[in-house]
There are 2 protein chains.
Amino acid sequence: MPPKQRNEQERQETRTRILDAARILFVEHGIEATSMREIAGRVGCSATAIYLYFRDKRDLFRALCATDFLALAEEMRQMERIVDPMERLHRLGIGYARFALSHPNHYRLMFMTRWPQLAADELGIEQGNPEQDAYAQLYGMVAEAHAAGRFRADLDDPALVAQTLWAGVHGVCSLEITLGEDGWTDWRPFEARIGLMVESLMRAMARLPEVPHG
Amino acid sequence: MPPKQRNEQERQETRTRILDAARILFVEHGIEATSMREIAGRVGCSATAIYLYFRDKRDLFRALCATDFLALAEEMRQMERIVDPMERLHRLGIGYARFALSHPNHYRLMFMTRWPQLAADELGIEQGNPEQDAYAQLYGMVAEAHAAGRFRADLDDPALVAQTLWAGVHGVCSLEITLGEDGWTDWRPFEARIGLMVESLMRAMARLPEVPHG
DNA sequence: GCGTTTTGTTAACGGTGTTAAGTTAACGAC
DNA sequence: GTCGTTAACTTAACACCGTTAACAAAACGC
């Protein structure tokens, strides 16, 4: 029988303190620019102690990532109360963008960083469960609107519609995060860009309400 | 008078050999994963020799980046022959996406990597010159289509339209590059996604041709 | 031939993520 | 109470990184 660890709760507390320190430094300076020794210094332990709780730096990132994905899914769930399916999708896009810009470093970690061979269940997130998987939520809403006949008749693939909506919103957000202050492009206000994007995609893909008389 | 360097041409050749080696390794393994020593090994010189031609690693990246921007602008110029402004914009989006997916590591370098304080003229690219600046090209085409009355009347800001078009195409490309093989999302074919994106944005923003009779 | 400059080298510095080996403290068994 | 076991943690070290300092050799103007 493996000897019970001294104090399970204390162990979890230390783990959380490492995560908190890492999150602060990542958000402030980015992932690559944050060293294990810096994190350890903030926690008040040696750098190697972190390896007692996380296999390596990537594992530490992944743990942070998992909570970020849950946070995003949780925030997105607030849109469920909106009854009209198209209005709901519209608001989902705007809400997603707000999340992205409020936590740019998290967002960069989640959707702008390549995860080599990151298996689906490695994050501890239930894929397809709308409570945990924001994409599943988007897909569900699109499928619902599609079933209600709110999309153009030739758009019979909810996955394609969902992925295009996602890409549009992601494009505005990721460009803003990466090049928003590049001093090169004369950017229009972010709200105008995200608004025009969501409005355009929804307008183009929606079934026309009624044909006006010429 | 400063003594003329021994052989200007030979120096440029060495410089080019360094750039070529760096490009190969960056495209193959990414920027961060490529070390100066690796590049030097491929060139056949010591790592410190690179510093005789480039101030630091970032400077080496920037030099590569500059040629990539020119290559993109050059490839985009092929669309100038298309006469119809809207058809031209449509094809510009598809061509841009082809460039992005053909050179994913270049694209990542150009539009998915934050450049701390990278001044506009630091790249040696003439900002606003459509022959060198792909965004200026896009803006010009949008402005032309706008002047020809091909956009909705309420879309009176070509910059906002251009930035939204760019963001849409960039969103599809960057998502594909970052998460295209994540094994999580059940992606639809890239061609379908980029096609629906460009078509939707153009359709939504275009002035309606004529009102069909009910 | 001499001094200077260019072009390259090797050695080294301070940093990184990570592992190996050693230390301290808490526990169950006798 | 002591003994072995084990968890939790430390310091030392490894191999690597980008970069700089110090030095060597070859080519140039005079």
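Below, chain A is the first sequence line, B the second, and so on; all start at residue 1. In this text the structure is predicted, and so the values were computed from the model without any measurement.
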(request) Mind calculating the distance between NZ (A/Lys57) and C1' (D/dC16) to the nearest angstrom? (result) 14 Å
(message) So that I can tick it off, tell me whether B/Arg88 and B/Glu144 are bridged by a salt bridge, with the cut-off set at under 4.0 angstrom between side-chain N and carboxylate O.
(response) yes
(request) Check whether the side chains of B/Thr67 and B/Arg23 place a donor and an acceptor atom closer than 3.5 Å, and report yes or no. (result) yes
(message) Using the ring-ring contact (aromatic ring centres under 6.0 Å, His included) criterion, which residues pair with A/Tyr135? Sequence neighbours excluded.
(response) A/Trp166
Counting only pairs under 3.5 Å, give me each side-chain donor-acceptor contact of residues 41-49 of chain B, with atom names and distances, residues two or more places apart or in other chains.
from	atom 1	to	atom 2	distance (Å)
B/Ser46	OG	B/Thr48	OG1	3.1
B/Ser46	OG	B/Ala49	N	3.4

(request) Could you tell me which residues satisfy side chain to side chain donor-acceptor pair (under 3.5 Å) with A/Asp157, sequence neighbours excluded, listed by chain and number? (result) B/Arg188
(message) What is the separation between atom CG on B/Leu52 and atom P on D/dA25, rounded to the nearest whole Å?
(response) 17 Å
(request) Report the distance from atom CD1 of B/Ile50 to atom P of D/dC17, rounded to the nearest whole Å. (result) 12 Å
(request) With sequence neighbours left out, write down each residue that passes ring-ring contact (aromatic ring centres under 6.0 Å, His included) with B/Tyr139, or none if nothing qualifies. (result) none
(request) Give me the residues of residues 17-48 of chain A where at least one heavy atom lies under 4.0 Å from an atom of DNA chain D, by number, or none. (result) A/Arg37, A/Cys45, A/Ser46, A/Thr48
(message) Rounded to whole Å, please give me the gap between CD in A/Gln12 and P in D/dA7.
(response) 16 Å
(message) I need the CD-P distance between B/Gln9 and C/dT6, as an integer number of Å.
(response) 19 Å
(message) What's B/Tyr53 touching, base or sugar-phosphate or nothing? Going by heavy atoms closer than 4.0 Å.
(response) sugar-phosphate
(message) Between P on D/dA7 and CZ on A/Arg11, what's the gap in Å once rounded to a whole number?
(response) 10 Å
(request) Convert the base pairs of DNA chain D into dot-bracket notation, remembering that pairs crossing earlier ones are written with [ ] and that bases paired across to another strand are shown as |; include only Watson-Crick or G-U pairs under 3.5 Å. (result) ||||||||||||||||||||||||||||||
(request) List in chain and number order the residues that pass side chain to side chain contact (heavy atoms under 4.5 Å, CB included) with A/Arg77, two or more places apart in sequence or in another chain; answer none if no residue qualifies. (result) A/Glu74, A/Glu80, A/Glu131, A/Gln137
(message) I'd like to check the side chain to side chain donor-acceptor pair (under 3.5 Å) partners of A/Glu32; sequence neighbours left out, ordered by chain and number.
(response) none
(request) Mind calculating the distance between CD (B/Glu10) and P (C/dG8) to the nearest angstrom? (result) 8 Å
(message) According to ring pair (Phe, Tyr, Trp, His ring centres under 6.0 Å), does anything in residues 12-39 of chain A pair up with another residue at least two apart or in another chain? List the pairs.
(response) A/Phe26-A/Phe61
(request) Rounded to the nearest angstrom, tell me the gap between atom CZ in A/Phe54 and atom P in C/dT18. (result) 13 Å
